[in-house]
Amino acid sequence: MATKIRPERVGQEIQAAVADMLIRGDLHDPRIGYITITGVKVSPDLRVARIYYSMIGTEEEKAKTQAGLDAAKGYVRREVTSKVKLRVSPEVPGLYEFEVRV
């Protein structure tokens with residue numbers, strides 16, 4: 001039986017790996033604007049990782065960024081797999097904009 005702590009720890013490692021990719025400029029798509037990775041939710045079986053981000057900009061810029069991130073999800077999955085040592089490569093169905101309204 002998997003514990004609740006393991007998916008959280010794996011999520012933190014995935015978040016650090018994706019943030020590192022963004023800092024180094026590995027995603028060369030010009031559609032991707034300035035984004036901040038806000039969190040990662042990993043399924044209990046560690047097979048699916050949902051990556052959440054936030055961005056400041058117009059709706060058009062946000063749509064372009066989302067399209068660029070959707071195009072790069074295979075690359076993100078491959079890079080996460082090489083940096084985070086797991087038996088199974090987690091599927092990254094996409095990066096999702098996560099808004100917190102105050």
Novice: State, to 0.1 Å, how close Met21 and Lys83 come at their nearest heavy-atom pair, and which atoms those are.
Specialist: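 What the structure gives for the nearest pair is CG-CE, 4.3 Å.
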
Novice: Starting at CD1 of Ile56, measure out to CD1 of Ile35 and round the result to the nearest 0.5 Å.
Specialist: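 That separation rounds to 12.5 Å.
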
Novice: Indicate whether the side chain of Glu61 and that of Tyr34 have a donor and an acceptor atom separated by less than 3.5 Å.
Specialist: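 Result is no, nothing qualifies.
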
Novice: Which heavy-atom pair separates Pro7 from Pro44 by the least distance, and what is that distance?
Specialist: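 Nearest heavy atoms, Pro7 then Pro44: CG-CA, 4.1 Å.
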
Novice: As an exercise, state the distance from CD1 of Ile37 to CD1 of Ile14, rounded to the nearest 0.5 Å.
Specialist: 11.5 Å

Novice: With the side chain counted from C-beta on, respond yes when Leu69 and Leu27 share a heavy-atom pair under 4.5 Å apart, and no when they do not.
Specialist: yes

Novice: Below 4.5 Å, heavy atoms only, C-beta onward: do Gln66 and Tyr53 meet side chain to side chain?
Specialist: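 Side chain of Gln66 against side chain of Tyr53, heavy atoms only: contact under 4.5 Å found.
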
Novice: Between CG of Asp70 and CZ of Arg31, what distance do you get to the nearest 0.5 Å?
Specialist: 9.0 Å

Novice: With a 4.5 Å heavy-atom cut-off, do Val40 and Val18 have their side chains touching?
Specialist: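 No; the side chains remain at least 4.5 Å from each other.
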
Novice: Under a 3.5 Å distance rule, please check whether Thr38 uses its side chain to pair with a backbone N or O of Ser54 as donor and acceptor.
Specialist: no

Novice: For the pair Arg9 and Glu13, find out whether any cationic side-chain nitrogen is under 4.0 Å from an anionic carboxylate oxygen.
Specialist: no

Novice: Considering non-hydrogen atoms only, spot the tightest contact between Asp29 and Ala71 and give its length.
Specialist: OD2-CB, 4.5 Å

